[in-house]
J.: 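Provided herewith is a single structure, encoded as structure tokens, for subsequent inquiry.
A quick note: this is a predicted structure, and the numbers were derived from the prediction, not measured. All values below were derived from every heavy atom in this structure, side-chain atoms included, with hydrogens, water molecules and symmetry-related copies excluded. Every chain is numbered from 1 and lettered A, B, ... according to where its sequence line falls, protein lines coming before strand lines.
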Protein chains: 2
Amino acid sequence: MESSSARSGGSTRREATRQKLYEAAVTLIAEQGFSATTVDEIAERAGVAKGTVYYNFASKSVLFEELLRHGVGLLTASLREAAEQTAHEGGGKVDALDAMVRAGLVFIDRYPAFTQLYVAELWRTNRAWQSTLMVVRQEAVAVVEGVLREGVAGGEFSEEIDVQLTAAALVGMVLVAALDWKSFQPQRSLDDVHAALSRLLQGRVSGRA
Amino acid sequence: MESSSARSGGSTRREATRQKLYEAAVTLIAEQGFSATTVDEIAERAGVAKGTVYYNFASKSVLFEELLRHGVGLLTASLREAAEQTAHEGGGKVDALDAMVRAGLVFIDRYPAFTQLYVAELWRTNRAWQSTLMVVRQEAVAVVEGVLREGVAGGEFSEEIDVQLTAAALVGMVLVAALDWKSFQPQRSLDDVHAALSRLLQGRVSGRA
DNA sequence: ATTTTTATACTGACCAGTCAGTTCAAAATT
DNA sequence: AATTTTGAACTGACTGGTCAGTATAAAAAT
């Protein structure tokens, strides 16, 4: 039988090394930024020789780009799953949105460093990985936009809403609230934060308790 | 007698030079990030010799910190003014929030590069200007928190809302929506964007047009 | 046997910060 | 009024250090 090692596209050992490098790079770059983070630091944090970095990645930029793709891939999959899940359960689009907010929070809870780094790079221009970032951003936002559009089509949301802008605003809401949570009140539970955002999302802010 | 140039805190010429350096630095750092931007670039864009940068600022970091303080000062003042304006006109806290959303949009419309740069640096850690950023962030968010708290006290908002988290979420909503606007649909008018966000803010998303 | 990793040394470009010297307008002196 | 002095503002070549990326021979893992 085929050993567990020879899997599609590379040996297990190599994959493990790459994973270690991702993890080292993501925290360092989140803290310091791409340019301020040296390849030597990344190698050291990963417990690996510098040469190994270049054996596994063509350059520092390429390492970073693949890291971005990898991370946003996880997020997109998670958002999609959340939306589909509520559809299966016969929930409306409001439920789908709510589930996606939660999925977003879960993701940020699990990968806070990646989220930091992503936000920091997202609106930059003139950088090598700009196009990668654009593609990958659109993938994630498109999931939210999709749910909004379906909601409008099905009469659940007002036809007057601006889908693209509203999607961006929702993403921003979750993103900034979650980063605030992680940075300044990390002791709070995910449920707690989710409840606060649900309230805001459903317009239950004004009016009495 | 004291010459006309020697005014409070510095000559006019010096102030003009500092202003040029701010303007050059803000766009370059927004595009490329702090570390990837060289002092030579900043000096060149400002039309000034490198030595002049160091004559006016102790270091690259200090230039950046003063830039941050300067920019967020403008934002905070603008938010405060918006909130007070509606109070004078006898509007409720919802109106105040709405006015602050608009003030935020106006600010971002006028200083998009500063906004980019601010977002990119806000959640970093282990950087020299970390504490400056914290102080300055709190000043701005505190204005929003203040309005929310007053709204709760006055019975206009539910007592169940989480003031800190909701403030962060609102800031995020405006920030990300506005950056999306500037980056991907710059032809749209400010009123248009404001209307979309107002709708979201007041829960007029679900339900029919 | 082949792939992957290690350890170490090296190169060349790049860049933050320095400093000796220049500019120039206002103030003081004649 | 003409001349000299002063000092703040500015200049740009230079320096010392840093860092991405390369090289390579030997070891370890599969």
J.: Return the value, rounded to whole Å, for the distance between atom CD of B:E15 and atom P of D:dA8.
T.: 17 Å

J.: Reading DNA chain C from 5' onward, which residue's closest nucleotide shows up sooner: A:R18 or B:S35?
T.: A:R18

J.: Can you see if the side chain of B:T38 gets near the phosphate of C:dC14 - specifically, an N or O under 4.0 Å from OP1 or OP2?
T.: no

J.: Please report, rounded to the nearest Å, how far the P atom of C:dT4 is from the NZ atom of A:K20.
T.: 15 Å

J.: Indicate yes or no: at least one non-hydrogen side-chain atom of A:F184 is less than 4.5 angstrom from one of B:Q164.
T.: yes

J.: Does a donor on one side chain sit under 3.5 Å from an acceptor on the other, for A:S35 and A:R127?
T.: yes

J.: Tell me: CG of B:D40 to P of C:dT18, nearest whole Å?
T.: 14 Å

J.: Kindly state which residues belonging to residues 47-64 of chain B come within less than 4.0 angstrom of DNA chain C, counting heavy atoms of the residue only, listed by number.
T.: B:K50, B:Y54, B:S59, B:K60

J.: Grab the CZ-P distance between B:R14 and C:dA25 for me, whole Å please.
T.: 18 Å

J.: Less than 3.5 Å apart, any donor N or O on the side chain of B:S198 or B:D98 sitting next to an acceptor on the other?
T.: yes

J.: Under 4.0 Å, heavy atoms only, any strand: does B:T37 hit a base, just the sugar-phosphate, or nothing?
T.: sugar-phosphate

J.: Can a side-chain donor-acceptor contact be found between A:E15 and A:Q19 if the only test is distance below 3.5 angstrom?
T.: no

J.: Hey, does the side chain of B:E23 reach the backbone of B:K20 with a donor-acceptor pair shorter than 3.5 angstrom?
T.: no

J.: Tell me if the centroids of the rings in A:F57 and A:Y22 come within less than 6.0 Å of each other.
T.: yes

